[in-house]
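To keep things clear, I will list the structure first and then write my remarks on it.
When reading the values below, keep in mind they use all heavy atoms of this one structure, side chains included, and skip hydrogens, waters and symmetry mates.
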Amino acid sequence: MAHSKTVPNTNGSKNIYRLMFNEFKKRQLGYSTIAIIAQSCLGSAAAMALLMGGMDMVLKMVLLFFVTIFCMAFNGAVLAQLKPLTTFNLLILSVVFSTLVIIAHII
């Protein structure tokens, strides 16, 4: 019996990204609507955590600027109906950055 020469999957994160992107692309209108609400709430929580935290004012304002810019970039990409890849990448960037800001202020 011959064995198929399959290579073990070592790019798990790339496969997850590809699967999520393909799903997002198929149903972009619905996912974009839900994502605007979710990432705006997450961005608001990150902004609140920043403003309540006790750190240097300049650093706080710079981080607040980036949280706001990333959230608004995704919202603008949805409104401008940019390509699904651009919109999806901006969503990931916004969610990851806001989550990191929140985690940094919880710890």
Side-chain angles (χ1 to χ4, degrees):
M1 180 172 229
H3 289 85
S4 63
K5 300 208 178 209
T6 58
V7 178
N9 186 3
T10 57
N11 293 330
S13 59
K14 285 185 181 182
N15 285 338
I16 291 172
Y17 173 83
R18 191 177 314 117
L19 288 172
M20 288 175 55
F21 172 68
N22 287 335
E23 180 67 23
F24 180 83
K25 190 165 71 169
K26 279 191 254 178
R27 296 175 180 88
Q28 184 178 1
L29 182 63
Y31 283 133
S32 292
T33 305
I34 294 169
I36 283 177
I37 295 168
Q39 70 90 24
S40 293
C41 290
L42 188 64
S44 298
M48 182 185 72
L50 276 170
L51 293 174
M52 290 177 62
M55 63 171 31
D56 181 45
M57 185 60 91
V58 174
L59 179 61
K60 184 187 300 187
M61 289 299 127
V62 168
L63 288 174
L64 184 62
F65 171 78
F66 282 115
V67 166
T68 305
I69 288 298
F70 292 148
C71 288
M72 293 303 295
F74 170 71
N75 291 348
V78 171
L79 290 174
Q81 297 178 352
L82 295 182
K83 293 179 182 178
L85 181 63
T86 305
T87 305
F88 185 69
N89 287 337
L90 284 171
L91 171 63
I92 290 174
L93 177 66
S94 173
V95 168
V96 167
F97 190 78
S98 295
T99 303
L100 288 175
V101 167
I102 292 170
I103 289 172
H105 281 82
I106 289 176
I107 296 176

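Side-chain contact of Asn22 with Tyr17: a donor-acceptor pair under 3.5 Å is absent, judged by distance alone.
Rounding to the nearest 0.5 angstrom, the gap separating the CG atom in Leu79 from the CE atom in Met72 is 8.5 Å. Annotation: the span from Leu42 atom CG to Ile37 atom CD1 amounts to 13.5 Å, rounded to 0.5 Å. Distance check, rounded to the nearest 0.5 Å: OG of Ser44 to CD of Gln39 gives 9.0 Å. The distance from atom CZ of Phe21 to atom NZ of Lys14, rounded to the nearest 0.5 Å, is 15.5 Å. How far CD1 of Ile36 is from SG of Cys71: 11.0 Å, rounded to the nearest 0.5 Å.
Between Val67 and Ser98 the shortest heavy-atom distance is CG1-OG, 4.1 Å. Annotation for Ala77 and Leu90: closest pair CB-CD1, 3.7 Å, computed over non-hydrogen atoms. The two atoms that bring Pro84 and Phe24 nearest to each other are O-CE2, 3.8 Å, heavy atoms only. Here the shortest heavy-atom pairing between Ala46 and Val101 reads O-CG1, 3.9 Å.
Annotation for Leu29: atom CG does not count as buried by contact number, only 12 or fewer foreign heavy atoms lying within 6.0 Å. Shown here is Phe66, whose CZ atom has no more than 12 heavy atoms of other residues, nucleotides or ligands within 6.0 Å. More than 12 heavy atoms of other residues, nucleotides or ligands sit less than 6.0 Å from atom CD of Glu23. In this structure, Met55 places its CE atom where more than 12 heavy-atom neighbours from other residues, nucleotides or ligands lie under 6.0 Å away.
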Could you go through the side chain to side chain contact (heavy atoms under 4.5 Å, CB included) check for Lys83 and Phe88 one step at a time? CA-CA 9 Å; Lys83 293 179 182 178; Phe88 185 69; over 6 Å; no
Verdict with reasoning, Leu51 to Met61, per side chain to side chain contact (heavy atoms under 4.5 Å, CB included): CA-CA 9 Å; Leu51 293 174; Met61 289 299 127; 4.0 Å; yes
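The side-chain contact (heavy atoms from CB on, under 4.5 Å) test with Thr87 is passed by exactly one of Lys25, Gln28, Gln81: Gln28. Of the candidates Thr86, Ile69, Leu82, Leu91, Leu91 is the only one forming a side-chain contact (heavy atoms from CB on, under 4.5 Å) with Phe74.
Linking Ile, Leu, Val, Met, Phe, Trp and Tyr residues whenever their side-chain heavy atoms come within less than 4.5 Å leaves Met52 and Leu50 in two separate clusters. Side-chain heavy atoms closer than 4.5 Å link hydrophobic residues (I, L, V, M, F, W, Y) into clusters, and following such links, even through other members, never connects Leu19 to Ile16. Cluster annotation: Ile106 and Met48 are assigned to distinct hydrophobic clusters (Ile/Leu/Val/Met/Phe/Trp/Tyr, side-chain heavy-atom contacts under 4.5 Å, transitive).
In this structure the side chain of Thr99 reaches within 4.5 angstrom of the side chain of Ile103, judged on heavy atoms.
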